[in-house]
There are 2 protein chains.
Amino acid sequence: MERETEEAAVVARAERRRRSDAAIVAAARELFAERGFDRTTIRAVADRAGVDPGLVMQNFGSKDALFAAAARWSAPIEQLVAATRDELPAAALHHVLDAFEDPRERAAALALMRSSLTHEAARVAMRDEVLAPAQERVADTIGGPDAALRAAVLNACMLGVSISRYLLEVPALVDADTADLERILLPALERITEPIR
Amino acid sequence: MERETEEAAVVARAERRRRSDAAIVAAARELFAERGFDRTTIRAVADRAGVDPGLVMQNFGSKDALFAAAARWSAPIEQLVAATRDELPAAALHHVLDAFEDPRERAAALALMRSSLTHEAARVAMRDEVLAPAQERVADTIGGPDAALRAAVLNACMLGVSISRYLLEVPALVDADTADLERILLPALERITEPIR
DNA sequence: GTCTATATCTTGATAGAC
DNA sequence: GTCTATCAAGATATAGAC
């Protein structure tokens with residue numbers, strides 16, 4: 001009997017730990033997304049998660065490690081690899097816009113994006129783990145001598161629209177819906193991915 | 001004679017003040033461009049300018065005021081208003097790229113751009129004093145119901161390319177020269193500014 | 001597992017000597 | 001005009017009690 005209660009205690013402890021960590025990561029994601037890395041404090045994360053600041057350090061080790069756990073953004077690139085050249089512009093557009101639909105993914109994406117200009121780890125993650133894989137897939141589908149540059153420009157345009165819409169909050173882009181963006185953006189993206197004349 | 005030496009002293013004092021301020025603003029511009037608002041300290045600015053930290057506060061009052069003096073970016077929009085609809089894509093492209101040629105303007109532009117995602121004053125300045133005026137001029141030239149949105153998307157793409165190239169340092173964009181960017185980007189921008197079919 | 005207390009550092013800003 | 005000295009606030013991180 002003693003054995004069982006011990007096991008139960010271990011399970012309960014692990015469960016509590018799991019819940020605490022989940023709450024901490026969720027709170028960190030939100031705050032990093034709202035304020036960026038530098039202006040987000042361990043204390044503020046602990047407050048929002050309803051735990052003690054010391055616990056955050058205990059469980060994650062450092063602020064940088066917490067950021068890495070919270071701002072990891074892995075947009076699924078299946079739709080990107082599956083797309084033919086003709087489908088590429090629409091696939092790229094929705095590849096990005098879809099990321100801002102699911103609240104969790106949205107917060108993680110915003111956290112990484114907002115910090116990518118002022119936090120070195122975020123910049124490298126954005127460039128090498130988010131943009132580079134997408135660029136590679138797109139370049140493969142485009143082909144030709146300028147493929148890498150064309151894919152990079154396509155990426156850059158989608159990034160600029162995302163930043164303007166979700167971070168800078170440019171009115172015209174905030175007010176626009178998905179259909180508006182498709183109507184204006186798709187023809188332009190087609191000119192980037194189209195075969196060399 | 002006493003009068004004249006007094007005047008000379010005043011002039012010399014004003015001259016020294018002018019030089020100190022210029023050195024401080026130049027140093028601040030560089031550091032804000034390199035590290036952003038939060039990671040730039042008054043002490044670091046003073047060090048690079050070769051003056052005392054106290055002098056920076058004395059002459060500018062606050063870190064925010066120093067940022068406003070250093071990161072003010074007023075890209076000339078004459079070429080943008082003068083452009084016809086056909087000339088608009090090229091004018092918009094060079095409107096941006098030219099800003100990164102002159103070292104002083106480049107540093108001021110980078111300072112504002114880098115901080116615009118994490119510093120509220122920089123975000124508002126970027127949105128309302130840099131993007132909005134350009135958007136207005138472009139929209140006027142484009143005309144039609146979607147003019148504002150089209151102009152905003154054009155702005156966003158140029159911003160995304162600038163951020164990817166100068167801040168994130170995406171290799172394919174860093175390696176590209178002006179001619180490369182024109183070749184890839186211009187046809188795409190034309191699709192944004194062209195008349196409704 | 002969780003929290004308290006605190007060490008250590010760094011910041012923006014101020015007061016006053018020179 | 002410029003610099004020295006210092007304040008007060010806030011940060012991350014650590015050690016140890018519970």
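Bear in mind that the values here come from a model prediction, so they are computed numbers and not experimental data. Here is how names work: the chains are called A, B, and so on, in the same order as the sequence lines, proteins then strands, and each is numbered from 1. Scope of the values below: all heavy atoms of this structure, side chains included, with no hydrogens, waters or symmetry mates.
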Practice task
Check B:Ala151 against B:Val138 and note the closest heavy-atom contact, atom names and distance.
Solution key: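 Looking at all heavy atoms of both residues, the shortest contact is CB-CG1, 3.7 Å.
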Separation of atom [atom1] in [X] from atom [atom2] in [N], rounded to whole Å:
X	N	atom1	atom2	result
B:Asp47	D:dT2	CG	P	16 Å
B:Ile42	C:dT14	CD1	P	11 Å
B:Met57	C:dT11	CE	P	14 Å
B:Phe67	C:dG12	CZ	C1'	16 Å
A:Lys63	D:dA13	NZ	P	8 Å
A:Ile24	C:dG1	CD1	C1'	11 Å
A:Arg39	D:dG10	CZ	C1'	13 Å

Practice task
Specify the residue among A:Gly54 and B:Thr40 whose closest nucleotide of DNA chain C lies further upstream toward the 5′ end.
Solution key: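 The residue closer to the strand's 5' end, by nearest nucleotide, is A:Gly54.
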Problem - Closest-nucleotide 5' rank along DNA chain C - winner of A:Gln58 and B:Phe37 - result: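 Whichever sits nearer the 5' end wins; that is A:Gln58.
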Handout entry: Shared hydrophobic cluster for B:Leu189 and B:Ile142 (ILVMFWY, side-chain gaps under 4.5 Å)
Key =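 No, it is not one cluster - the side chains of B:Leu189 and B:Ile142 are not joined through contacts under 4.5 Å.
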Handout entry: Charged N-O contact under 4.0 Å between B:Glu169 and B:Arg165
Key =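 No salt bridge links B:Glu169 with B:Arg165.
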Exercise for the section: Ignoring backbone atoms, test whether B:Ser20 places a side-chain nitrogen or oxygen under 4.0 Å from the OP1 or OP2 oxygen of D:dT2. Expected result: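 For D:dT2, OP1 or OP2 has a side-chain N or O of B:Ser20 closer than 4.0 Å.
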Practice task
Looking at every strand, decide which applies to A:Ala14 at a 4.0 Å heavy-atom threshold: base, sugar-phosphate, or nothing.
Solution key: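 Since only primed, P, OP1 and OP2 atoms lie under 4.0 Å of A:Ala14, the category is sugar-phosphate.
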Handout entry: Donor/acceptor link under 3.5 angstrom from B:Arg43 side chain onto base of C:dG12
Key =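 A donor-acceptor contact between them is present.
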Handout entry: Shortest side-chain distance from A:Asp52, nucleotide among C:dA13, D:dA13, C:dT4
Key =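 Looking only at side-chain atoms, A:Asp52 lies closest to C:dT4.
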Handout entry: Minimum-distance nucleotide to A:Leu55 side chain [options: D:dT12, C:dC3, C:dA13]
Key =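 Minimum distance to the A:Leu55 side chain belongs to C:dC3.
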Exercise for the section: For atom CZ of B:Arg19, decide whether the heavy atoms of other residues, nucleotides or ligands shown that lie under 6.0 angstrom number more than 12. Expected result: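 No, not enclosed.
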Side-chain donor-acceptor contacts of residues 95-107 of chain B below 3.5 Å, not counting sequence neighbours, with atom names and distances?
from: B:His95; atom 1: ND1; to: B:Pro76; atom 2: O; distance (Å): 3.3
from: B:Asp102; atom 1: OD2; to: B:Glu105; atom 2: N; distance (Å): 3.2
from: B:Arg106; atom 1: NH1; to: B:Phe100; atom 2: O; distance (Å): 3.2

Practice task
Take A:Asp38 and B:Asn59, find for each the nucleotide of DNA chain D with the closest heavy atom, and name the residue whose nucleotide sits nearer the 5' end.
Solution key: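 The residue mapped nearer the 5' terminus is B:Asn59.
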